[in-house]
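Notes to accompany the following structure.
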2 protein chains.
Amino acid sequence: MQNFHHTNDCPIRDILTRIGEKWPMLVLVTLHANGTMRFSDIQKSIADISQRMLTVTLRNLETDGLVSRKVYPEVPPRVEYKLTVTGQSLIPHIDALVGWALEHMPDILSRRKSRTA
Amino acid sequence: MQNFHHTNDCPIRDILTRIGEKWPMLVLVTLHANGTMRFSDIQKSIADISQRMLTVTLRNLETDGLVSRKVYPEVPPRVEYKLTVTGQSLIPHIDALVGWALEHMPDILSRRKSRTA
DNA sequence: CGGGATCCGTGCCGATACTG
DNA sequence: CAGTATCGGCACGGATCCCG
């Protein structure tokens, strides 16, 4: 019997610590779809994200090297975000999950409803 | 500017409701690696999952149609779980994420440490 | 404009005890 | 063996206020 889910050093647990959170995937695909974006543009694109959570999410993605941040020393300030090469390398896998969801979620959602009823 | 992350009917949010949780992906890859498994075997394979969380996770995956459950009317009871066809169709995408993690997580983890310091 | 700091509620998840 | 039931902690994330 295979058992490779060590508590430490498990790739699935590693990746869940980031993409398992609520906003990172949405931010990544938004940046991929639009290229370089300002903070306020991302916020408008993901209508219901709070200012705080967008800041936190972008900081985490920047720390992980998936998103780059460029500050223009202007008044009023301008800050632009875009995917790094590493960030772009994750996009195809997210797209694959999205494709899977588009194909299977209708059935799954109906199953959840009938189980609730 | 593209904006396709509707609060409702968004495939990314849909899929996060399941794989964003702590255990489902681990259970899916465990079942894929070992085929049909008994409850106690899954629990031994994922050492630190509690009995409660394994039960909850399996019930959710069963409701979603990703895992099938078969009860043998014996004493002591025996229950076997395995992936459905739909569940198997998700495996390649999880594997892709795992492959990405194996390639990039060492760098990401070192970035997180240096940011903490 | 793009944050930072703080407070706080909700729900995921863990621990424990009990059962057919 | 394979659950179910209950309690409670804790961290994710929302709301609000303030700043350069």
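Proteins get letters first, then strands, A, B, ... in listed order; numbering begins at 1 in each.
- Using a 4.0 Å cut-off between charged side-chain N and carboxylate O, B/Asp14 and A/Arg112 make no salt bridge.
- Nearest to the side-chain atoms of B/Pro76 among the listed nucleotides D/dG3, C/dC1, D/dC1 stands D/dC1.
- A salt bridge links B/Asp41 with B/Lys44: at least one charged nitrogen is closer than 4.0 Å to a carboxylate oxygen.
- Note: NZ (B/Lys22) to P (D/dA11) measures 11 Å, nearest angstrom.
- Put simply, CD on B/Glu21 is 15 Å from P on D/dC12, counting in whole angstrom units.
- The side-chain hydrogen bond (donor to acceptor under 3.5 Å, both in side chains) search around A/Arg52 returns none, not counting sequence neighbours.
- With the nearest nucleotide of DNA chain D identified for both B/Pro77 and A/Trp23, B/Pro77 has the one nearer the 5' end.
- Contact record, B/Ala101 with B/Pro106: O-CD, 3.9 Å, taken as the closest heavy-atom pair.
- Rounded to whole Å, the distance from CD1 on B/Ile49 to P on C/dC13 is 10 Å.
- Look at CZ on A/Phe39: it is 15 Å from C1' on D/dC19, rounded to the nearest Å.
- Comparing C/dC1, C/dG3, D/dT4 by their closest approach to the side chain of B/Arg59 singles out D/dT4.
- Between B/Arg111 and A/Asp64, no side-chain nitrogen of the basic residue sits less than 4.0 Å from a carboxylate oxygen of the acidic one, so the salt-bridge criterion is not met.
- With B/Tyr81 as the fixed residue, the side-chain hydrogen bond (donor to acceptor under 3.5 Å, both in side chains) test singles out one of B/Arg69, B/Glu62, B/Arg38: B/Arg69.
- In this structure, CD of A/Glu62 is placed 15 Å from P of C/dG2, rounded to the nearest angstrom.
- Between the CD atom of A/Glu74 and the C1' atom of C/dC1 there is a distance of 11 Å, given to the nearest Å.
- Sorted by residue number, the members of residues 50-58 of chain A with any non-hydrogen atom under 4.0 Å from DNA chain C read A/Gln51, A/Arg52, A/Thr55.
- Salt bridge status for B/Asp48 with A/Arg13: present, with a side-chain N to carboxylate O gap under 4.0 Å.
- With hydrogens and angles ignored, the 3.5 Å screen pairs no side-chain donor or acceptor of A/Thr86 with any backbone N or O of A/Leu66.
- Side-chain nitrogen and oxygen atoms of A/Arg18 include none within less than 4.0 Å of the OP1 or OP2 phosphate oxygen of D/dC12.
- Rounded to an integer number of Å, the gap from A/Tyr81 OH to C/dG3 C1' is 8 Å.
- Between the axis at the start and the axis at the end of the helix from C/dC1-D/dG20 to C/dG20-D/dC1 there is an angle of 50°, using five pairs per end and rounding to 10 degrees.
- The residues B/Arg78 and B/Glu80 are annotated as salt-bridged, a charged nitrogen and a carboxylate oxygen being separated by less than 4.0 angstrom.
- In this structure, A/Gln43 places its CD atom 12 Å from P of D/dA15, rounding to the nearest Å.
- Nearest to the side-chain atoms of A/Arg38 among the listed nucleotides C/dC1, D/dG3, D/dG13 stands C/dC1.
- Considering only side-chain atoms of A/Ser40, the nucleotide from C/dG2, D/dG14, D/dA2 that sits closest is C/dG2.
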